[in-house]
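Note that the structure is a prediction, hence the values are computed from the model and not measured.
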Amino acid sequence: MLKHVNELNEKKMVWVIAIGLTIITMIPFLAGYFAAGDRVYLGVENIPDGYAYLAYVKSNLTDNILISQNFTTHETQTPTLPNMYFALVAIVTKVTGISVELVYFILKTILILPFVYILWLFLHEFFHTARERVTTLVVLVLGGGVGWILWLLSFINPWFDRFDSTGLEYGYVSNLFSSFHYPLVYGGLSFMLIGLILQRQAIRENSLQKALLVNLAILSVYFIHPVDILVCVITIGAMILVYRREWFWTIIPSIAYIGIHTTLARQDIAYRAVQEVYFTWHKTVHPAFVPVVFGILFILFVIELSKFKFPDQKKAPLVIWSVSALILAYIIPTGIKMITIAFVPVFILGMHVFFRQSPLVKRVLMVGILLGAPIILYNRMSDQMLDREYITQSDQVLFEKAAHDKGIVFVSLENAGVVSMKTDLRPLYMLRYTTIDYHVKQSYSENFFNGINVKEAAMKYRPSYVLSTKKLDYSCLTEEYASQTYFYYSIRPEECV
């Protein structure tokens, strides 16, 4: 099909790819929905993180666009950080009256369209023909490494069954296609691409106005996916220093704002808790797995990189971007998150070598490059049909009755997410990066459900309700509702023993 791409039908092909991609990303959720039977399908991706994202959106349903963690931890907070995507979901939810979950799903699917278009615009900076641009676009949105071999090995050795889609992405089969389930990733990447396009145009056209507009792109990255801001600033800043040093002041406003805002944001105890987790996460990348993650195109990237010489203004941004991201992947605690953002420059540089090969070699290489996408799709479908994605009809009735109850609820970690999603209650704790004093609360909660120091836990946190998967006979509890899975109690902490 790509043989017939030319400058006249190129844009049409881009939209075909974008629309096709949105349909493909819906397949796992449609599979999960139609596999529900008499159960209620939750449709939450990347559990348990997906619950945290929905909780952030719920915190935006007030008039405050600053996110808090009211539905993942119980402390009073002073929100300091906005998130553009969560705020958008909240606004559409309030205007339309549609559920948070459905709006989140619809928007993340629709926003794939402008991302693909922006990515295509970015490719104009590096490829001269329509066929090269469209081929590279397909590779970027569907291509990946050779980690799919692990999936094949699972049919030989059960040990490899441990890799669900999230596990595969974090270590072995990460690609942009897998990122289309995470709107924060491609949202932040979209604005980084816009910033780079504007910066290159500013230098080429001697346009101070466009150079200043880059600040808006940088701030948008910060307000969507803050973890990308370091690579974004390094890449754009290095470009200016290399090609227009006297203009470096043009990005000082956004850098200064981010520095000041990050400092002031630490006034919020929830923000400090998130930072502490990320600074001690220790998910750096093992050197041996980088070739596995990027696959064939990593070899082509290394070949192209070896031939690069400054000042090659055309490829310099890609070299700075890819090298800085890969170095950070090895040295910062959240290094694993640098891998996804490195795909764009690594693949674009690799594709320059690809296009210099013979037609037969290109066909063979393309098969190896694209094999990761169907594996990720298969794993996503499998994940969406796991038991954790469903609750029973009676569970749904229970949550509807408890939907507007207020206060702290004692609930186990594995059930805190669905409580946060379905009700206005505040789970005592949820995920480590969304909970203040996570380990302390986890210990008190586990002791409470095991009948150890029940009164101490109840008096310390004074919950209003308890949700348990087993019947509790504590004297301070009154059963309010029961379902096929849960027992829901009101609690009088002072009467616990």
Side-chain angles (χ1 to χ4, degrees), residues 1-5 10 13-28 112-113 115-116 119-120 122-123 126-127 129-155 163 165 168-182 185-186 189 289-304 322 339-382:
M1 182 173 69
L2 297 181
K3 284 183 181 179
H4 306 293
V5 176
E10 180 182 7
M13 282 298 302
V14 170
W15 285 115
V16 168
I17 293 167
I19 294 169
L21 201 57
T22 60
I23 294 171
I24 291 171
T25 57
M26 288 192 290
I27 291 174
I112 292 173
L113 299 174
F115 170 73
V116 173
L119 193 55
W120 171 67
F122 185 67
L123 294 177
F126 308 101
F127 299 101
T129 70
R131 185 182 299 179
E132 287 179 341
R133 288 191 292 269
V134 174
T135 302
T136 303
L137 183 65
V138 171
V139 166
L140 279 168
V141 298
L142 292 176
V146 293
W148 48 268
I149 295 171
L150 293 170
W151 177 75
L152 293 177
L153 289 174
S154 68
F155 293 97
F163 298 111
S165 64
L168 283 168
E169 287 158 27
Y170 264 128
Y172 309 100
V173 197
S174 181
N175 57 15
L176 278 187
F177 177 65
S178 66
S179 300
F180 293 131
H181 299 284
Y182 306 107
V185 173
Y186 60 83
L189 186 53
F289 285 120
V290 169
V292 176
V293 171
F294 290 101
I296 294 167
L297 279 165
F298 183 75
I299 300 171
L300 304 184
F301 160 74
V302 172
I303 294 171
E304 187 69 8
S322 57
I339 290 296
T340 302
I341 199 173
F343 269 97
V344 172
V346 169
F347 277 24
I348 292 176
L349 287 169
M351 288 301 287
H352 280 85
V353 179
F354 174 90
F355 288 122
R356 295 198 292 265
Q357 307 307 306
S358 68
L360 177 61
V361 171
K362 284 192 282 191
R363 289 191 190 98
V364 173
L365 291 175
M366 189 62 77
V367 172
I369 290 168
L370 297 180
L371 269 175
I375 307 305
I376 287 290
L377 182 62
Y378 171 82
N379 276 276
R380 282 287 177 189
M381 289 176 62
S382 300

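- Here the CG-CZ distance, from Leu365 to Phe354, works out to 6.0 Å after rounding to the nearest 0.5 Å.
- Each of Phe122, Trp120, Phe355 was evaluated against Phe127; a single residue qualifies, Phe355, per the ring pair (Phe, Tyr, Trp, His ring centres under 6.0 Å) test.
- Using a 4.5 Å cut-off on side-chain heavy atoms (C-beta onward), Ile348 and Leu140 make contact.
- Ring orientation note: the planes of Phe343 and Phe294 are tilted relative to one another, at an angle of 30° to 60°.
- No donor-acceptor pair closer than 3.5 Å links the side chain of Glu304 to the backbone N or O of Leu300.
- Side-chain atoms of Thr135 never come within 3.5 Å of backbone atoms of Glu132 as a donor-acceptor pair (strictly under, hydrogens ignored).
- With values rounded to the nearest 0.5 angstrom, Leu113 atom CG is found 9.0 Å from Leu21 atom CG.
- Looking only at distances, no side-chain donor or acceptor of His352 sits under 3.5 Å from a matching main-chain atom of Phe301.
- In this structure, the side-chain contact (heavy atoms from CB on, under 4.5 Å) partners of Ile24, at least two apart in sequence or on a different chain, are Phe177, Leu377.
- For the atom pair CG (Leu189) and CG (Leu119), the distance works out to 7.0 Å, reported to the nearest 0.5 Å.
- Contact of the Arg133 side chain with the Phe126 side chain is not registered, since no non-hydrogen atoms from C-beta on lie closer than 4.5 Å.
- Summarising the geometry of Leu142 relative to Ala373, their closest heavy-atom pair is O-CB, 3.3 Å, with the distance given to 0.1 Å.
- No donor-acceptor pair closer than 3.5 Å links the side chain of Arg380 to the backbone N or O of Pro28.
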